[in-house]
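Worksheet: the structure to be examined is printed underneath.
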Amino acid sequence: MCDQTFVAITFGPCDSCSENRPLMNLYIKTEPINYCSLCMEIMACQDLAGGETLNSLKAETESLRKRLEEERKKLHDVELEKVAEKAEALSALNLKTRRTLKGHANKVLCMDWCKDKRRMVSSSQVPAHPVFNSSQEHAVSMPTTWVMACAYAPSGCAIACGGLDNKCSVYPLSLDQNENLAAKKKSVALHTNYLSGCTFTNSDMQILTCSGDGTSALWDVESGQLLQSFHGHSADVLTLDLAPSETGNTFVSGGSDKKANIWDLRSGQNIQSFDTHESDVNCVKYYPSGDAFASASDDATCRLFDLRADREVSIYSKDSIIFGATSVDFSLSGRLLFAGYNDYTINVWDVLKGTRVAVLFGHENRVSSLKFSPDGTAFCSASWDNTLRIWA
Amino acid sequence: MTIRTLRDHGQHYRPRMACLKKVEAFVVEMQDPKSGVKASDQKLNITSIPHVITGQDILAWIVTKMKVTTEEAQAFGTMLVAYGYIYPLQNHRKLVLVADSTLYRFQTPYFWPVQKWPAEDIDYAIYLAKRNIRKKGMLEPYEQEHYNNLHKWMNYKWDFIVMQATEQYKASKERKKPDRVVLDCQERAYWIVHRPPRRTHSGMDYGLDRLIDPNAEENIFLTQALMRSAVKSSVSLTAFVKYVTTHHTHDPLLTNPVPSNPWITDNDEFWQLNMRNVDIPTKLSVERWALSFWELISDQRGRADFKLFLKKEHSGENMAFYEAAEEMRWGAATAIPEKSQFIFNTFLKPGAPRWINIDGRTMGLTVKGLDCPHRYVLDAAQTHIFLLMKKDTFYRYLKSPVYKDMQKKALVPAPHNFTDAQLEANAKNRNPGISPIVLWQQQEAEKAAAAVAARPIDVKAMVATNKLDRK
């Protein structure tokens, strides 16, 4: 369990705007100050203060970075491969496509599982939005193309989706198959650019979204109110994932600026940042224990980042893999990492030993999304060849 | 007014096609006359086309060079064709690598999917116009459609386009026949990649553009990062290995689930046995509960068992408080004042019916925070209670008769062993299971009933309705 639990969130008057808000604890030149997230943003955007020049700031950044690296180096006493020697070797996997779901008329962009482990929702490039279980149950027609994000509510009673319309809308599901779901649609989130990812938090009442406008945001479903926004990426935010930990207070997001950031849901603060990728981070996923996360990127590698040691611990790549990875997910125990690539294949990696265990063929176009079912019995891959495949 | 869609393949800000550099290096190697793929001359109709390669040779070469399996080489080869580095001679619209004697040629570097030079509409218009002149109007239907559109949009430039097309046509007529055929093939291949007919997987289709141009700034963040403590690598990495090892038996992909994986055998007994309200859980679930407190309460059956134990110990208020606080945290914003009031009255007020035992400081902070209730006001108290349950109650639960009893009773279902015929029958009988909506409604009804039952009994009201007999 990470130390986030012990950060008692302070709530009270902000030092600068004196309003009652959740506060971030910041240190300016080792002096603690308590600002709310809005004032922090304002302060960060201000022009150079007296005595600072662009060069002096750059020099300061450099020296701070160096110090951080030195500190982290001292703690880095062993590599993952060494520790993993104790782990037993894996037996050969026998993974095959068990179901192929055809129902979309266009590229499938995203999918999500329901907690009942059987149903899933998927979204595609063109209006038509089936809720599957191996026979199509519902189809919702969306007034926008490129529905890039979709999510199933934890209760199984609603779905959320969004894309080029800059919004995230929630559709309550019903038992009646013929009901027109679009009629009960509720617009929840509104960004200033395309919506790239959305997920429900632990209940149906809140949604976390990330967008091409560089921000992520937490919304209240009932009122559509913005509860917290997260600024810090300098380019499109492409993906996010909620932490599975007991306290459930953090999430990770990855963006076009090659960075993956960890955020605190309560204060809106950027807690940790990792920028070792060489290109856009297309997908991030937490390790099942919540102490690490994996990321997939256009630079054709997947990487594992350790949150407690604050560094990257493993790179999963091969010379023969040249095309970018679009999505990753862990198996239930965290031993296997599955990644979908732009060259139509899915590679399976041994997380601890860093080697590739298997490669799965079958899709006829890019694999756009890959997710494990909640109990780990199977995983589903969505592809631009208009199908979804369930592998077990 | 010209409406142009800037299809520069995202090269503007971020080279999404950075992979192309590596591919190009590879293709150059392939073309090496000594160590590259064997090329020969082929007769096509009457002309002889130089430097033709077969699909088989390409595949074999990739396998040797990259040291990969045939299937991977196939996938990579298909990528090469999809991106236009190699083009097929006969079935020119199908951009895949076929591993037999199908003929391919290398595309000239002029036509490679280069990073800085987009495939402009005006070039396409000139190309189509040229085709039109030559074949006297024999364009494919999709090409015809494009042609009509371009004619409409670029009408003002049409004279220029037609002039260019005619010039190019005249120039090509002066070339030798084999050269002309080769150039035609190359150009046609280029346009199939950049303006694909329906149902062709062209590699140029990469999705939406990424929009923001990244620049950076981060001093405040770095100071933060320095202040924060980190853990030694050996500690955290060992923790990963430990997690993986303990969960190894629970991972359906590493250890076959009993009775069987529903996706493989189409028999959903596995799911039935693990449902929320099952009487007797499986041994695997019960073992999983012992791994950590979080695993116990994440599993709904486990949580129910734990609550049973708490009831016996008369400390059910801790769990109830935890759940109420969770509900407030993740619930609707409008319900917060009401919930916080309820929680205060039930758990925090001195003399409350389900008073929780937390230290004075936390209690003080919480009660003060309740003056201005927000969703995280109970965090400190909730953390305290959670840690209490995790460090103390959980271990007592594991040693208790409730748990030990459950361990003894737990089922170990026998693994299924279906014959092929049975598997087919299973496949026909697939059912979607109970809808999650129905399950959710059931759960809500149960919760409401439990809430009513948990309400403290109002003695005066009962006397008033003569329920208590005071004879």
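Predicted model only: the values in this text are computed from it and were never measured. Just the heavy atoms: all of them, side chains too, but no hydrogens, waters or symmetry mates, feed the values below. Proteins come first, then strands; the chains are lettered A, B, ... in the order of their sequence lines, and each starts at number 1.
- Residues Gln206(A) and Gly331(B) come closest through the heavy atom pair NE2-O, 3.6 Å.
- The distance from atom CD1 of Ile264(B) to atom CG of Asn94(A), rounded to the nearest 0.5 Å, is 7.5 Å.
- Heavy-atom distances place no part of Gln74(B) under 4.5 Å from chain A, backbone and side chain included.
- When every heavy atom of Tyr344(A) is checked against every heavy atom of Ala82(B), the shortest pair comes out as OH-CB, 4.2 Å.
- Residue Val83(A) touches chain B through both its backbone and its side chain, counting heavy-atom pairs closer than 4.5 Å.
- Between Arg329(B) and Thr201(A) the shortest side-chain heavy-atom distance does not fall below 4.5 Å.
- Listed here is the closest heavy atom pair of Ile437(B) and Cys157(A): CA-SG, 4.0 Å.
- Remark: Lys67(B) does not engage Asp319(A) in a salt bridge, criterion side-chain N to carboxylate O under 4.0 Å.
- At a 4.5 Å heavy-atom cutoff, the contact between Phe240(B) and chain A is made by backbone and side-chain atoms alike.
- Smallest separation of non-hydrogen atoms from Ala332(B) and Asp220(A): CA-OD1, 3.4 Å.
- Both the backbone and the side chain of Ser234(B) come within less than 4.5 Å of a heavy atom in chain A.
- Aromatic ring centroids of Phe323(A) and Tyr83(B) lie under 6.0 Å apart.
- Counting heavy-atom pairs closer than 4.5 Å to chain B, the top-ranked of the candidates Gly156(A), Gly334(A), Ser155(A) is Ser155(A).
- With respect to chain A, the highest number of heavy-atom pairs below 4.5 Å among Glu71(B), Gln441(B), Glu327(B) belongs to Glu71(B).
- Thr345(A) and Glu72(B) are not linked by any side-chain donor-acceptor pair at a separation below 3.5 angstrom, with hydrogens and angles left out of the test.
- Using a 4.5 Å cut-off between heavy atoms, Cys114(A) contacts chain B through its side chain alone, with no backbone atom that close.
- When the candidates Gln225(A), Met205(A), Glu222(A) are compared by the number of heavy-atom contacts under 4.5 Å with chain B, Met205(A) comes out ahead.
- Of the listed residues Ser196(A), Ala158(A), Pro288(A), Ala300(A), the one with more heavy-atom pairs under 4.5 angstrom with chain B than any other is Pro288(A).
- Lys86(A) touches chain B through its side chain: at least one heavy atom from C-beta onward sits under 4.5 Å away, while N, CA, C and O do not.
- Gly376(A) approaches Leu253(B) most closely through the heavy-atom pair O-CG, 4.2 Å.
- When heavy atoms are compared at a cutoff of 4.5 Å, Leu93(A) approaches chain B solely by way of its side chain, counted from C-beta outward.
- Most heavy-atom pairs under 4.5 Å with chain B, from the set Ala84(A), Ser223(A), Ser203(A): that is Ser203(A).
- Between the side chains of Asp116(A) and Trp271(B), no donor N or O sits under 3.5 Å from an acceptor N or O.
- A distance of 11.5 Å separates OG1 of Thr78(B) from CG of Asn365(A), quoted to the nearest 0.5 Å.
- Most heavy-atom pairs under 4.5 Å with chain B: of the set Asp299(A), Leu68(A), Asp310(A), this distinction falls to Leu68(A).
- Here OG of Ser331(A) is found 5.5 Å from CG of Leu254(B). Values are rounded to the nearest 0.5 Å.
- Contacts between Phe372(A) and chain B at a heavy-atom distance below 4.5 Å involve the side chain alone, from C-beta outward.
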Would Lys318(A) and Val68(B) count as a side-chain contact (heavy atoms from CB on, under 4.5 Å) here? Give the steps.
CA-CA 11 Å; Lys318(A) 249 179 170 255; Val68(B) 290; 5.8 Å; no
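- For a residue to count as touching a neighbouring chain, one of its non-hydrogen atoms must lie under 4.5 Å from one of that chain's; by this rule Leu109(A) does not touch chain B.
- Here Lys115(A) contributes atom NZ and Leu439(B) contributes atom CG; the two are 13.5 Å apart, rounded to the nearest 0.5 Å.
- The pair Asp266(B)-Arg98(A) does not meet the salt-bridge criterion, since no charged nitrogen lies less than 4.0 angstrom from a carboxylate oxygen.
- Your options are Asp251(B), Asn261(B), Ile62(B), Val235(B), and the one with the most heavy-atom pairs under 4.5 Å with chain A is Asp251(B).
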side-chain contact (heavy atoms from CB on, under 4.5 Å) for Val351(A) and Val244(B)? Distances and angles first, verdict last.
CA-CA 10 Å; Val351(A) 172; Val244(B) 167; over 6 Å; no
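- Residues Arg335(A) and Thr245(B) have side chains not in contact (no heavy-atom distance under 4.5 Å, counting atoms from C-beta outward).
- Of the atoms belonging to Leu227(A), it is side-chain heavy atoms, and not backbone ones, that fall under 4.5 Å from chain B.
- Exactly one residue among Glu79(A), Lys82(A), Arg308(A), His76(A) makes a side chain to side chain donor-acceptor pair (under 3.5 Å) with Ser233(B). That residue is His76(A).
- When heavy atoms are compared at a cutoff of 4.5 Å, Ser368(A) does not approach chain B at all.
- Atom OG of Ser373(A) sits about 7.0 Å away from atom CH2 of Trp263(B), to the nearest 0.5 Å.
- Interface remark: Phe338(A) contributes side-chain atoms only to the contact with chain B (heavy atom separation under 4.5 Å).
- Nearest heavy atom pair, residue Leu332(A) against residue Pro252(B), reads CB-CD, 4.2 Å.
- The greatest number of non-hydrogen atom pairs below 4.5 Å with chain A, out of His250(B), Met66(B), Arg375(B), His247(B), is found for Arg375(B).
- If you measure heavy-atom distances from Phe270(B) to chain A, the contacts under 4.5 Å come from the side chain alone.
- Within the model, atoms OG of Ser320(A) and NZ of Lys65(B) stand 12.5 Å from one another, a figure rounded to the nearest 0.5 Å.
- Side chain of Trp294(B) to backbone of Pro244(A): a donor-acceptor contact under 3.5 angstrom is found.
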